[in-house]
S.K.: 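I'd like to ask you about the structure that follows.
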Amino acid sequence: MHVRCPDRMAGDTYREVLELLGELFSVVQALPPSAALVELRGALRYHGATAAHLGDVLRLRTVSHLGIDVRVGIGPTVTVATTASAQVPHPGGVLAIDAADVTDWLALLPVEELHGIGPRHAATLKRYGIDRVGLLAALPPATVQRMLGGKTGRMAVDRARGIDPRTVTPRLQPASAAVRHRFPRDVHDGAAARAALLGLVVQLGAELRCRGQAARALTLTLSFAGGPRWEKTRRLTEPSAHEDDLRLLAYQVMDAAGLQRGRLTGLGLRGEDLVDAGLVAEQLSLDAARQARLVAESAADRIRKRFGPGVIGPAATSGRRLDDEAVDGLVGVVLKRRVGQVGEDVRLVDQGALQLVGRACVEHAAGQVRVGDAVDQSFRADLKLVGDPQGGEDVLGRHAQR
């Protein structure tokens with residue numbers, strides 16, 4: 001069974017869908033950000049029901065518990081089930097394909113609708129007049145291999161014939177998480193590349209913390225003009241989902257690439273070997289600055305959860321100059337007019353509820369240290385900053401004044 005959730009679904013809702021699947025089925029494989037695979041053999045015997053009925057039960061539960069509908073495809077292989085779920089019209093439904101009907105059902109589909117055939121390969125096949133899955137299945141593998149390449153051609157023929165040896169791997173949470181950035185034009189500037197990498201670090205860290213996972217390793221992928229790619233993996237000293245740890249390692253990997261004058265077209269950052277964050281040992285730290293950043297990071301997560309992912313983030317990714325601003329190095333508190341000294345403690349207050357939502361520590365201050373790597377973005381209108389800086393000055397409202 002292949003389950004498709006609505007596009008652009010929140011991470012918390014996706015986790016709840018996986019929990020519902022875990023209650024019904026014993027073997028579930030997460031396919032983030034919005035899909036999952038289910039092994040039905042044991043569930044059919046346990047529940048004493050048909051596969052289509054179990055699909056209907058799943059839809060009923062997701063609608064009643066979460067308010068969302070899902071598209072369910074059922075078939076004898078992963079390819080057939082995934083292809084079937086894509087044929088279900090929005091917002092939801094169930095399409096079950098029996099093993100005896102697979103060949104006839106696949107034969108009538110356009111070749112681009114077969115799972116595993118991308119737009120480029122579909123365009124290549126159509127240039128040779130192969131526009132239906134049935135025509136692809138009838139060709140000798142060697143012929144398709146000459147069109148698409150060795151491994152890809154063999155896989156395309158097998159899937160067109162309903163052959164797919166892959167099995168469902170029990171995993172409620174993915175073993176990796178990836179984020180990507182593509183530049184609108186080729187980039188030579190190392191500062192621009194580093195700013196984009198910082199944005200990816202923030203995205204990846206937020207996603208890992210939302211899932212309740214931590215990464216043991218990071219993989220950085222650099223895409224260059226003309227097609228070449230560079231990829232490097234390094235392990236963290238201990239599993240982490242904190243931006244501080246991810247950022248330091250990502251910068252080290254980027255420095256190891258020795259970009260010089262390479263023309264970058266895109267970046268990719270992937271957290272590898274993920275583990276449950278609850279299993280990671282937490283040690284008390286004597287580093288007050290790091291502890292302040294972790295508290296600020298937690299506050300930023302709550303702000304993103306309430307107002308959306310784009311309301312707070314790195315200043316380096318916003319394209320603004322911060323020469324005359326004192327900023328918090330992680331959360332994005334901007335103290336205008338050169339207010340603030342390094343080490344000052346600033347409280348984040350929800351103006352609507354008048355509740356403390358976190359703390360931030362000024363990491364960089366204009367005129368004292370370089371602020372190019374600092375973090376910035378405006379808070380929503382219902383947030384204000386309240387602080388008690390050194391020297392007795394008060395900080396109140398969106399702008400801090402002496």
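One-based numbering along the sequence shown. Computed from a predicted model, the values in this text were never measured in an experiment.
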S.K.: Once side chain to side chain contact (heavy atoms under 4.5 Å, CB included) is applied, do any residues pair with P6, and if so which ones, sequence neighbours excluded?
M.R.: M9, I68
S.K.: Who are the salt bridge (Lys or Arg N to Asp or Glu O under 4.0 Å) partners of D69, not counting sequence neighbours?
M.R.: R59
S.K.: Does this structure show an ion pair linking R235 with E272, if we count only N-O contacts that are shorter than 4.0 Å?
M.R.: no
S.K.: Could you tell me whether the side chain of R209 and the main chain of A241 form a donor-acceptor pair under 3.5 Å?
M.R.: yes
S.K.: Is D158 paired with R154 through a side-chain N to carboxylate O contact shorter than 4.0 Å?
M.R.: yes
S.K.: Are any of the side-chain heavy atoms of V253 and L218 separated by less than 4.5 Å?
M.R.: no
S.K.: With a 4.0 Å cut-off, would you call E243 and R293 a salt bridge?
M.R.: no
S.K.: Do V88 and R4 have side chains that approach each other closer than 4.5 Å (heavy atoms only, starting at C-beta)?
M.R.: no
S.K.: Go through the structure and list residues passing side chain to side chain contact (heavy atoms under 4.5 Å, CB included) with T79, not counting sequence neighbours.
M.R.: T77, T83, L114, H115, R159, D164, R166
S.K.: Can you pull the side chain to side chain donor-acceptor pair (under 3.5 Å) pairs that have at least one residue in residues 87-103, sequence neighbours excluded?
M.R.: Q87-E113
S.K.: Are any side-chain N or O atoms of T143 and backbone N or O atoms of L139, one a donor and one an acceptor, separated by less than 3.5 Å?
M.R.: no
S.K.: Quick check: does any side chain N or O of H47 sit under 3.5 Å from a backbone N or O of L24, one acting as donor and the other as acceptor?
M.R.: yes
S.K.: Name the atoms and distances for all side-chain donor-acceptor pairs under 3.5 Å in residues 180-187, with sequence neighbours left out.
M.R.:
| unit_1 | atom_1 | unit_2 | atom_2 | d |
| --- | --- | --- | --- | --- |
| D186 | OD2 | R263 | NH1 | 3.1 |

S.K.: Donor-acceptor check, side chain of E39 to backbone of T167, threshold 3.5 angstrom: yes or no?
M.R.: no
S.K.: So, R270 side chain and T219 main chain: donor-acceptor pair closer than 3.5 Å or not?
M.R.: no
S.K.: Taking only residues two or more places apart in sequence, or in another chain, which ones meet E238 in a side-chain hydrogen bond (donor to acceptor under 3.5 Å, both in side chains)?
M.R.: none
S.K.: Report yes or no: does S85 contribute a side-chain atom to a donor-acceptor pair with the main-chain N or O of T82 at less than 3.5 Å?
M.R.: yes
S.K.: Test your reading of the model: is there a side-chain donor-acceptor pair from Y251 to the backbone of L246, 3.5 Å cut-off?
M.R.: no
